[in-house]
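First comes the structure, then the notes that go with it.
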Amino acid sequence: MDYKEIITDIRKIVRSINLESKRILKDFGVSIPQLLCLTYLSKQEEYQLTHRQLVQHLHLNSSTVTGIVNRLEKKGYIARLPKKGDKRVTNIAITAAGIKVVESTPDLLHEKLSKHLQQLPDAQVKQIKKSLDLLIDVLGIRELDASPLLILEDPLPPEE
């Protein structure tokens with residue numbers, strides 16, 4: 001077997017994530033993490049939640065989520081609102097413009113992958129997991145923190 005094929009396949013996955021990120025940014029003016037934030041907000045009761053809930057959902061650090069929220073607020077896609085009954089707490093709410101962005105974007109790679117994995121037999125999913133675990137161990141990246149979402153987590157350049 002040609003081991004270069006495995007490396008090429010991994011590179012295809014990484015490249016597809018990168019290309020999707022660039023396409024979404026170009027076509028819709030938001031990054032994948034920003035879109036994930038908007039999508040999650042759009043599915044919440046009263047279309048709002050706390051910063052902490054966003055951090056937990058996105059599996060990103062607090063400062064990264066703060067940057068995402070700041071950029072979305074600047075674009076008018078979200079608003080910060082005082083929590084009902086406790087003015088010390090601020091909720092993050094999606095605006096009508098933010099909902100329009102969510103409705104206009106296609107399914108993301110991680111959504112497509114999730115749907116396909118759910119359709120596979122359990123034995124096949126376990127085999128994929130076992131193979132990925134082996135690759136992670138070979139690369140020595142078991143302790144690397146990562147989101148369960150297919151996104152580029154590198155900071156984006158500041159937006160004007």
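Atoms considered below: every heavy atom in the structure, side chains included; atoms not considered: hydrogens, waters and symmetry mates.
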With a 3.5 Å cut-off and sequence neighbours excluded, list the donor-acceptor pairs that the side chains of residues 90-108 form with protein atoms.
| from | atom 1 | to | atom 2 | distance (Å) |
| --- | --- | --- | --- | --- |
| Asn91 | ND2 | Gln48 | OE1 | 2.9 |
| Thr95 | OG1 | Gly76 | O | 2.6 |
| Thr95 | OG1 | Tyr77 | O | 3.1 |
| Thr95 | OG1 | Ala97 | N | 3.4 |
| Thr95 | OG1 | Gly98 | N | 3.2 |
| Ser104 | OG | Lys100 | O | 3.3 |
| Ser104 | OG | Val101 | O | 2.9 |
| Thr105 | OG1 | Val102 | O | 3.1 |
| Asp107 | OD2 | Lys115 | NZ | 2.8 |

Leu60 and Ile68, any side-chain heavy atoms less than 4.5 Å apart: yes
All pairs passing salt bridge (Lys or Arg N to Asp or Glu O under 4.0 Å) where residues 31-41 contributes a residue, at least two apart: none
Nearest non-hydrogen partners of Cys37 and Leu54, listed with the distance: SG-CD1, 3.5 Å
Contact summary for Ser31 and Leu25, nearest pair of heavy atoms: N-CD1, 3.8 Å
Contact summary for Asp133 and Arg142, nearest pair of heavy atoms: O-NH2, 3.2 Å
Selection residues 22-43 - residue pairs positive for ring-ring contact (aromatic ring centres under 6.0 Å, His included), sequence neighbours left out: Tyr40-His57
Pairs involving residues 25-52, ordered by first then second residue, that meet salt bridge (Lys or Arg N to Asp or Glu O under 4.0 Å) (sequence neighbours left out): Glu46-Lys84
Leu113 reachable from Leu120 in the ILVMFWY side-chain graph, under 4.5 Å edges: yes
ILVMFWY network linking Leu139 to Ile136, side-chain heavy atoms under 4.5 angstrom: yes
Contact check, side chains of Gln34 and Lys75, non-hydrogen atoms, under 4.5 Å: yes
Glu73: side-chain hydrogen bond (donor to acceptor under 3.5 Å, both in side chains) partners, not counting sequence neighbours: Arg80
Set of residues satisfying salt bridge (charged side-chain N to carboxylate O under 4.0 Å, His left out) with respect to Arg11, sequence neighbours excluded: none
